[in-house]
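Structure first, then comments.
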Amino acid sequence: MGEVEEEFIQAPEHRPKPDITHAEGIPLIDLSPLNSQESDTNSLARLVAEIGEACEKWGFLQVINNGVPSKVREKIELASKEFFALPKEEKKKTSRNEVNLFGYSDFEITKSVRDWKEVFDCTIDNPTIIYASDEPDDEELKELTNQWPEYPPDLRDVCEAYATEMQKLTHKLLGLISMSLGLPKDRLSGFFKNQTSFMRLNYYPACPAPELALGLGRHKDAGAMTILVQDDVGGLEVRRKSDGEWIFVKPIPDSYIVNVGDLIQVWSNDKYESVEHRVTVNPEKERFSIPFFINPSHSIWVEPLKELINEQNPSKYKGYSWGKFYATRKLSNFKKLNTENIQAHHFKL
Ligand SMILES: O=C(O)CCC(=O)C(=O)O
Ligand SMILES: [Fe+2]
């Protein structure tokens with residue numbers, strides 16, 4: 001076991017399997033009905049039904065003809081490679097810390113095991129408002145802004161251009177998800193005014209012990225929804241709802257992977273579940289990915305949507321403050337936790 005340090009080694013039951021199962025099932029959804037001006041009501045209704053089915057059966061889907069220009073994606077992928085290729089001392093000039101929660105880090109722990117990765121985080125709203133502390137009664141707020149490295153000099157511009165495109169895609173998807181729940185198109189979008197959304201550049205270096213370590217341990221995304229772009233190396237695995245099997249998500253050029261996060265699970269009162277996923281590493285190849293985490297305002301109280309609950313389908317959650325949840329999560333990056341990190345399922349009734 002000497003090939004990687006102890007802190008990266010997963011317990012035997014969480015190690016990747018040598019024979020990966022390829023996902024035929026993760027639905028591939030064509031968003032072109034949204035792009036044409038006079039798209040007929042039938043094609044839109046079909047799209048809404050496909051989205052609903054994917055959210056219910058998989059919690060994951062991939063979208064093509066998504067309206068995101070390839071150039072915007074190519075530029076951020078290139079800039080990300082340039083940034084992570086820099087010497088560690090250079091990258092560490094933008095290290096995130098308890099004051100600056102956004103920036104570079106080579107240290108993240110998921111479910112008590114260290115991930116084989118480096119990240120660069122930046123927030124979307126400038127500034128982003130969050131609660132200053134995780135104390136329930138402390139109303140003090142603080143403003144978060146980004147730190148940008150000197151190299152590559154265009155990193156800020158390409159991230160901002162990418163974020164603009166992701167916002168457009170976010171609102172298309174939130175509209176489709178709302179409609180698929182039988183709700184007005186704009187039912188969810190209001191939660192995202194003064195959002196706490198952020199994006200991350202992920203770098204998974206080649207790993208000498210891919211059978212022992214993971215690039216990112218099993219987890220669910222705590223926010224509303226995530227839109228991810230991955231390169232052609234592959235490594236993302238999703239836990240299939242039907243049988244709990246880990247399924248490899250095959251890279252598809254120009255597609256974006258979308259997954260339901262814990263908040264959509266709560267809002268939909270468990271109709272759409274947030275699904276576990278993880279990232280395996282490769283002995284020869286490094287891998288890059290870019291998740292865009294869509295999170296509501298710190299002021300949002302999270303609970304099942306009233307229209308979706310009734311006597312037959314009572315609320316499955318007690319409400320919680322997104323802002324306090326988020327502050328607890330963000331600050332926990334800088335604390336050594338002996339207990340499980342805060343999770344949406346802790347609010348289950
Ligand atoms: O790198 C990936 O493919 C997945 C990343 C992810 O799940 C996350 O950062 O939450
Ligand atoms: Fe994730």
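In listed order, ligands and their atoms are each counted from 1.
Residue I257 does not touch ligand 1, judged by heavy-atom distances below 4.0 Å. When heavy-atom distances to ligand 1 are checked against a 4.0 Å cut-off, D221 comes that close only through its side chain, counted from C-beta outward.
Heavy-atom proximity to H277, at under 4.0 Å, picks out these atoms of ligand 1: 7 (O). Numbered from 1 in the order shown, with element, the atoms of ligand 1 that lie under 4.0 Å from a heavy atom of P291 read 9 (O). The distance from ligand 1 to the heavy atoms of F293 drops below 4.0 Å at these ligand atoms: 8 (C), 9 (O), 10 (O). Those atoms of ligand 1 with a heavy atom of Y204 less than 4.0 angstrom away are 1 (O), 2 (C), 5 (C). When each atom of ligand 1 is checked for a heavy atom of N202 under 4.0 Å away, the hits are 1 (O), 5 (C), 9 (O).
Between the side chain of N146 and the backbone N or O of T123 there is at least one donor-acceptor pair closer than 3.5 Å.
For ligand 1, none of its N or O atoms has an N or O atom of R200 under 3.5 Å away.
The closest approach between a heavy atom of Q230 and any atom of ligand 1 is not below 4.0 Å.
Protein heavy atom at the shortest distance from atom 3 (O) of ligand 1 is R287 NH2, 2.8 Å. In terms of protein heavy-atom proximity, atom 6 (C) of ligand 1 is nearest to L216 CD2, 3.3 Å. Summary of contacts: the protein heavy atom closest to atom 4 (C) of ligand 1 is V279 CG2, 3.6 Å. Ranking protein heavy atoms by distance to atom 10 (O) of ligand 1, first place goes to H219 NE2, 3.0 Å.
One finds no salt bridge joining K220 and D262 here, because no Lys/Arg side-chain nitrogen approaches an Asp/Glu carboxylate oxygen to under 4.0 Å. Checked for salt-bridge contact, R200 and E108 meet the test: a charged N lies under 4.0 Å from a carboxylate O. A salt bridge does not link K316 with E303: every distance from a Lys NZ or Arg NE/NH1/NH2 to an Asp or Glu carboxylate oxygen is 4.0 Å or more. The pair K271-E56 counts as a salt bridge, with a side-chain nitrogen and a carboxylate oxygen less than 4.0 angstrom apart.
In this structure, the ring of F347 has its center no less than 6.0 angstrom from the ring center of Y317. Ring to ring, F120 and Y104 are not that close: their centroids are 6.0 angstrom or more apart. In this structure, the ring of F60 has its center less than 6.0 angstrom from the ring center of H277. Ring to ring, W267 and F191 are close: their centroids are under 6.0 angstrom apart.
For the Fe ion (ligand 2), the tally of protein N/O/S atoms lying closer than 2.8 Å stands at 3.
Classification of the Y326-F198 ring pair by plane angle, with boundaries at 30° and 60°, yields tilted.
Contacts classified as salt bridge (charged side-chain N to carboxylate O under 4.0 Å, His left out) and involving residues 69-80 (residues at least two apart or in different chains) are given here: K71-E74, R73-E77.
Side-chain contact check for I26 versus V249: some heavy-atom pair is nearer than 4.5 Å.
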